[in-house]
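Report on one structure; see the data block that follows.
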2 protein chains.
Amino acid sequence: MNTPVPPTLAPIEHATLNELAYARLKHALVSGRIGPGTTLTLRQVAEQLGTSVMPVREAITRLSAENALVVMPKRGIRLPLLSDEEAEDVWSLRVQLEGEACARAARHITAAELAEIRVLGDSLQNAGEAGDLHPVLERNNAFQFAIYRAARSPLLLQMIELLRLKSVPHCTAAVRVMLRERPDYYHQSWINHAALVAALAAHDAPRARREKQSDIRALRAFVRDVAQRAGTAAGPRLVEEDHP
Amino acid sequence: MNTPVPPTLAPIEHATLNELAYARLKHALVSGRIGPGTTLTLRQVAEQLGTSVMPVREAITRLSAENALVVMPKRGIRLPLLSDEEAEDVWSLRVQLEGEACARAARHITAAELAEIRVLGDSLQNAGEAGDLHPVLERNNAFQFAIYRAARSPLLLQMIELLRLKSVPHCTAAVRVMLRERPDYYHQSWINHAALVAALAAHDAPRARREKQSDIRALRAFVRDVAQRAGTAAGPRLVEEDHP
DNA sequence: TGTTGACATCTGTGATCACAGATTTCTAGA
DNA sequence: TCTAGAAATCTGTGATCACAGATGTCAACA
């Protein structure tokens with residue numbers, strides 16, 4: 001009706017405080033800065049964010065709806081441990097959905113997206129050589145989601161995000177071990193990544209699916225292995241939180 | 001450490017107000033009582049629920065995180081219309097995930113579950129003969145989810161719920177037409193249901209998947225058909241809300 | 001008649017307070 | 001030294017208020 005908005009002049013990072021709190025918490029989760037079993041508190045997080053509890057409440061509500069956190073009435077909020085059955089559930093759906101996403105990505109991917117993915121892959125590799133946990137997890141997320149975004153399905157993307165939110169904290173301890181003690185295994189995962197990217201570049205959907213699925217299954221095996229060696233199957237060692 | 005909890009003695013319908021508000025809103029959505037394009041208001045819903053806005057806020061936040069509602073800052077909350085691409089996205093994932101759920105259900109289902117499903121199926125059929133929209137949608141949900149629950153995957157269940165939350169309002173208008181004008185088509189869907197139940201009873205996973213997938217595809221075709229005939233493709237006629 | 005401007009109203013967002021239940025701490029008793 | 005119980009503290013939940021932005025209404029002007 002009116003003249004349309006003037007030529008894009010400012011993306012303006014407008015964000016309500018609750019969105020910001022949500023983003024911060026989610027980032028802390030998927031980069032392994034909050035470990036399974038950790039308990040949080042509304043007021044505690046609010047203080048670290050410098051806000052009142054209101055924005056934190058909405059952020060926690062959202063993460064709780066996404067199954068990433070569990071709020072225990074009057075007893076705090078915690079990042080749940082996964083039982084064996086729950087872990088199996090997460091892994092099997094990751095295989096299914098991330099495989100599907102890679103297959104779809106192979107069908108739709110453009111040269112520009114491939115280029116971006118390769119850059120992110122290199123960045124991930126560099127982080128891996130440095131050996132620091134959080135950067136590796138962050139760049140790994142960036143790399144994978146760049147691929148999944150090429151699948152052109154916002155809903156599929158959202159579901160994968162949901163699965164990863166549950167899965168990543170569960171893997172963190174194992175990834176740390178991998179970086180420290182098993183460069184061979186980590187190197188193998190680079191090879192897998194390269195194979196996946198090649199399949200994408202060839203627009204070979206079934207192969208892309210297969211590569212991703214075997215990659216996830218290998219990771220699952222490794223995580224299970226580390227967990228069994230480190231004691232109880234369900235409880236990888238906790239991670240101290242750097243910031244919320 | 002302590003003596004474990006005493007033998008189950010009371011499920012106790014404890015519910016915080018926000019859980020209650022969430023349940024009510026969700027039920028209103030999946031039983032077609034709120035149509036696409038409808039706009040709500042925190043204070044309006046709160047008044048109808050007889051609470052303050054706080055519980056409603058949390059419920060809306062949750063539904064918004066689940067992509068079922070969109071909150072427009074300072075302008076209200078609305079149930080979004082689906083563009084053609086979004087609708088296609090929802091349908092294709094429904095085919096994939098509900099098919100998978102049926103396949104898994106076929107592998108795990110017990111005689112007791114089958115009996116329950118048959119009862120719910122009969123109840124659905126009766127509602128269909130009566131021809132009232134909301135009971136049909138409610139019992140249809142009960143019937144389908146009883147099957148999906150047999151898949152033994154809480155996460156898969158959650159994702160399907162998420163998809164249906166987006167899909168059902170989008171189908172409501174078409175289902176109404178179906179009940180009123182196309183008993184033949186509705187009768188066909190009973191036959192499909194029976195075929196699915198038979199596949200489940202036979203523990204035939206591939207067949208169960210196929211039955212469900214063809215059922216969903218048929219529904220998609222019907223919805224698309226009704227939408228095209230009724231005018232703009234994206235906007236089935238609105239539904240007046242009975243209660244929030 | 002058609003347009004613009006101010007004003008009133010309504011929106012979600014955020015802060016603050018009150019509250020009841022769970023947990024922890026401390027104390028009094030054996 | 002150990003235990004039971006009371007008090008203090010801390011938790012999420014809910015209500016209420018203040019606020020800024022968006023919308024709608026309506027009068028004054030051209």
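Here is how names work: the chains are called A, B, and so on, in the same order as the sequence lines, proteins then strands, and each is numbered from 1. Quick caveat, the model's predicted, so the values are computed rather than measured.
- The existence of a salt bridge linking R33(A) and E138(A) is confirmed by a sub-4.0 Å separation between a basic side-chain nitrogen and an acidic carboxylate oxygen.
- Looking at E113(A) and R149(A), no side-chain N of the basic residue comes within less than 4.0 Å of a carboxylate O on the acidic one, giving no salt bridge.
- Using modelled atom types, one finds a donor on one side chain and an acceptor on the other under 3.5 Å when comparing R104(A) with S92(B).
- Using a 4.0 Å cut-off between charged side-chain N and carboxylate O, R152(A) and E85(B) make no salt bridge.
- Contact check on K166(B) versus E86(B) returns no salt bridge, with no Lys/Arg side-chain nitrogen under 4.0 Å from an Asp/Glu carboxylate oxygen.
- For DNA chain D, the residues of residues 59-79 of chain B within the heavy-atom distance limit of 4.0 Å (strictly under) are K74(B), R75(B), sorted by number.
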Side-chain atoms of residues 62-69 of chain B: list all donor-acceptor pairs with protein atoms under 3.5 Å, sequence neighbours left out, distances to 0.1 Å.
residue : atom : partner : partner atom : Å
E66(B)  : OE1  : Y22(B)  : OH           : 2.9
E66(B)  : OE2  : Y22(B)  : OH           : 2.9
N67(B)  : ND2  : Q158(A) : OE1          : 2.7

Review item, nucleotides 15-18 of chain C N/O atoms under 3.5 Å of protein N/O:
residue : atom : partner : partner atom : Å
dA15(C) : OP2  : S52(A)  : N            : 3.1
dA15(C) : OP2  : S52(A)  : OG           : 2.4
dA15(C) : O5'  : S52(A)  : OG           : 3.3

Q.
Let's go through Y148(A) and C102(A) carefully: what are the C-alpha distance in whole Å and the side-chain angles of both, what is the deciding distance for side chain to side chain contact (heavy atoms under 4.5 Å, CB included) to 0.1 Å, and is it a yes or a no?
A. CA-CA 6 Å; Y148(A) 301 149; C102(A) 286; 3.8 Å; yes
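- Within the 4.0 Å cut-off from OP1 or OP2 of dT11(C), at least one side-chain nitrogen or oxygen of T41(B) is found.
- To the nearest angstrom, P of dG12(D) lies 15 Å from CD of E19(B).
- Whole-Å rounding puts the N18(A) CG to dG12(C) C1' distance at 10 Å.
- Between the CG atom of L20(A) and the C1' atom of dG14(C) there is a distance of 14 Å, rounded to whole Å.
- A distance-only check finds no donor-acceptor pair linking the side chain of H108(A) to the backbone of A150(A) [under 3.5 Å].
- Rounded to a whole Å, the CD atom of Q44(A) is 17 Å from the P atom of dT23(C).
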